[in-house]
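Data first, discussion second: the structure below is written as structure tokens.
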Amino acid sequence: MHSWPASEVPALPGQGFPLRIHDSATGAIREVVPQDGTARLYVCGITPYDATHLGHAATYNAFDLVQRVWKDAGHDVLYVQNVTDVDDPLLERAVATGQDWTVLAERETALFREDMTALRMLPPAHYIGAVESIPWIVPLVKKLLASGAAYELDGDIYYSVDADPHFGEVSGLTREAMASIFAERGGDPERPGKKHPLDALLWLAARPGEPAWDTELGHGRPGWHIECVAIALEYLGMSFDIQGGGNDLVFPHHEMGAAHAHSATGVHPYARSYVHAGMVGLDGHKMSKSRGNLVFVSALRREGVDPAAIRLALLAHHYRSDWGWQQADLDGAVERLARWRAAVSRPDGPSAEALLAEVRTALAEDLDTPAALAAVDRWAALAESTGGADISAPGLASRTVDALLGVAL
Ligand code: 5CA
Ligand code: ZN
């Protein structure tokens, strides 16, 4: 499917620093070293049954910054994102609201593109739907069946978690913890006939009233984890740099993905780093489509909120922390945006070279956006109080904020 338009990334003098970022598998902040100059990133995309909420936006903001830091450090970036355009929650919502599931998915995906464009998120080079990826999923599942890493159960096909000796290394969870999370997040540990309760669906035989495709695996539709593996392998290959998403995807989604991919290719690791953004909540609960406690990006835009202020509100929180959205987040961001815009609108100001270095340093160290924002605040305050004689400073400060934080002043 088509992606969305790229906003310009202004050129900055000099070069940024190598990205160091937290990896869930090792629990450490490590330097990411792209193998051949090209940094490869896969980020789990939306399931398009509702509009983009601020939690989604926060997660995509984090991975947008990853790309900006990489580009600033001189790398090309190959970015891939999926759309889970056929899956249980989408089909259930379509039935509940009497809509055609394809119409629902297309409408919400279109709105997501608009939101991402308004927020100046860099677009993926490949934006791929689950339905589009079926031709790559089928041979992968066949391979898993042939090697004994997958088995059939009443027409469905399961991945056998015992097939991968590395299973468990992404999340580091105990089997007990896995079992309880698996049940909460769409797994079916109780189903009779499974070899292991944690075994995950690769392929679902057609259910009455549900969409299905005729393939060599039979009439059915793909499971969720294999969708992302198939798309990532098609465009990035094994051992790509970062598998990203929110921390609700650590287990089972990214654990299973790593295992499916290892069993299918014999190569380890699937991704060099697994990077996870914190959950954004509202009124004490994770913002989620199923709970309905949502603040939509598109609703804020309709109310006339400047998308740059939405983005600044997200940037004020460290990407790894879980936090609760409050009106004060937006009010603070609107006020900060006005201060920054006033500062870069002056004819001259204090030199912005140190500011550029500070923002680069902060972002390269595990995307420390609160520190980056504080550096811009200090520069803006100095511009306001003492002024300065550097006529190139407002332009450089503006380009720094635009190129590295994605906020156009
Ligand atoms: N389609 C799958 C991924 S393959 C999916 O999880 N879709 S989603 O629409 O539920 O979420 C899209 C992205 O937003 C995922 O990376 C997810 O981890 C992230 N996300 C979902 N809810 C939140 C939240 N409340 N806060 C932060 N990130 C969130
Ligand atoms: Zn995914």
Side-chain angles (χ1 to χ4, degrees), residues 24 41-64 66 79-93 104-105 108-109 111-112 115-116 119 121 124 126-133 137 170 181 184-186 200 222-236 240 242-258 260-261 270-271 274-297 313-314 317-325 329:
S24 301
L41 171 68
Y42 185 94
V43 179
C44 282
I46 55 162
T47 305
Y49 65 92
D50 215 337
T52 319
H53 60 61
L54 289 165
H56 301 135
T59 288
Y60 297 115
N61 179 54
F63 295 99
D64 186 76
V66 163
Y79 174 31
V80 179
Q81 190 183 130
N82 69 304
V83 191
T84 307
D85 61 358
V86 61
D87 200 11
D88 295 343
L90 172 72
L91 299 175
E92 283 160 16
R93 175 66 65 92
L104 173 62
E108 298 305 344
T109 304
L111 188 57
F112 176 74
D115 289 336
M116 291 297 106
L119 292 170
M121 303 287 181
H126 304 282
Y127 189 47
I128 308 294
V131 174
E132 282 177 290
S133 70
I137 290 173
V170 173
I181 300 175
E184 281 164 29
R185 298 192 181 150
W224 173 31
H225 319 302
I226 195 69
E227 162 199 345
C228 285
V229 173
I231 296 169
L233 293 186
E234 180 69 17
Y235 291 103
L236 300 175
F240 56 90
I242 290 182
Q243 160 72 73
N247 66 20
D248 57 336
L249 300 184
V250 176
F251 190 86
H253 190 50
H254 292 165
E255 189 77 73
M256 291 294 176
H260 293 358
Y270 174 50
Y274 297 86
V275 178
H276 294 104
M279 286 295 111
V280 180
L282 185 70
D283 305 330
H285 292 282
K286 169 193 163 185
M287 231 181 247
S288 74
K289 289 178 270 205
S290 46
R291 187 173 272 275
N293 58 335
L294 307 170
V295 179
F296 295 121
V297 172
L314 304 175
H317 297 268
H318 192 273
Y319 82 97
R320 270 200 291 136
S321 53
D322 296 330
W323 54 283
W325 173 264
D329 284 286

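In each ligand, atom 1 is the first atom listed, and ligand 1 is the first ligand listed.
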Any donor and acceptor pair, going by atom type alone, linking the side chain of Asn293 with main-chain N or O of His285 inside 3.5 Å?
-> yes

shortest atom 26 (N) of ligand 1-to-protein heavy-atom contact is with Val280 N, 2.9 Å

Looking only at protein heavy atoms, what sits closest to atom 14 (O) of ligand 1 is His56 CD2, 3.3 Å

The option among His225, His253, Met279 carrying the non-hydrogen atom nearest to atom 29 (C) of ligand 1 is Met279

Counting from 1 in the order shown, the ligand 1 atoms closer than 4.0 Å to a non-hydrogen atom of Cys228 are 4 (S)

Going by the 4.0 angstrom heavy-atom rule, the piece of Thr47 near ligand 1 is both

Ranked by distance from atom 22 (N) of ligand 1, the top protein heavy atom is His53 CE1, 3.6 Å

So for Thr59 against ligand 1, with non-hydrogen atoms under 4.0 Å, the contacting part is side chain

Atom 17 (C) of ligand 1 has as its nearest protein heavy atom Asp248 OD1, 3.6 Å

- request: Flag Cys228 as yes if one of its N/O/S atoms falls below 2.8 Å of the Zn ion (ligand 2), otherwise no.
  value: yes

Counting from 1 in the order shown, the ligand 1 atoms closer than 4.0 Å to a non-hydrogen atom of Thr84 are 1 (N), 2 (C), 4 (S)

So do Tyr79 and Val43 actually touch side chain to side chain, heavy atoms under 4.5 Å? yes

Rounded to the nearest 0.5 angstrom, the CD1-NE2 distance for Ile46 and His56 is 7.0 Å

Here the gap from Met116 atom CE to Thr109 atom OG1, rounded to the nearest 0.5 Å, amounts to 11.5 Å

*Okay, side chain of Asp329, backbone of Ala313: is any donor-acceptor separation there less than 3.5 Å?*
no

Would you say Asn82's side chain and Gly45's backbone share a donor-acceptor pair under 3.5 angstrom?
yes

With heavy atoms and a 4.0 Å threshold, my read on which part of Ala58 contacts ligand 1 is neither

In this structure, atom 13 (C) of ligand 1 is nearest to the protein heavy atom Tyr60 OH, 3.2 Å

protein heavy-atom neighbour closest to atom 6 (O) of ligand 1 works out as Leu249 CD2, 3.6 Å

For Ile231 and Tyr42, what are the C-alpha separation, side-chain angles and deciding distance, and is it a side-chain contact (heavy atoms from CB on, under 4.5 Å)?
CA-CA 9 Å; Ile231 296 169; Tyr42 185 94; 3.8 Å; yes

Main-chain N/O of Met279 paired with Asp322 side-chain donor or acceptor, under 3.5 Å: yes

When rounded to the nearest 0.5 Å, the distance separating CD1 of Ile226 from NE2 of His260 is 5.0 Å

ask   = Side chain of Arg185, backbone of Pro252: donor and acceptor closer than 3.5 Å?
value = no

Contact region, Asn82 to ligand 1, non-hydrogen atoms below 4.0 Å, reads side chain

shortest atom 9 (O) of ligand 1-to-protein heavy-atom contact is with Lys289 NZ, 2.8 Å

### Task
Answer with yes or no after comparing the ring centroid distance for Tyr60 and Phe112 against a 6.0 Å cut-off, counting only values under it.
yes

Report yes if Gly45 has an N/O atom closer than 3.5 Å to an N/O atom of ligand 1; otherwise report no. yes

query: Is it true that some N/O/S atom of Cys44, main chain or side chain, lies under 2.8 Å from the Zn ion (ligand 2)?
result: yes

The closest protein heavy-atom partner of atom 4 (S) of ligand 1 is Trp224 NE1, 3.1 Å

Atom 16 (O) of ligand 1: of Gly257, Gly246, Gly278, the nearest heavy atom sits on Gly246

Atoms of ligand 1 under 4.0 Å from any heavy atom of Gly245, numbered from 1 in the order shown, are 16 (O)

Could you go through the side-chain contact (heavy atoms from CB on, under 4.5 Å) check for Asp88 and Tyr49 one step at a time?
CA-CA 10 Å; Asp88 295 343; Tyr49 65 92; over 6 Å; no

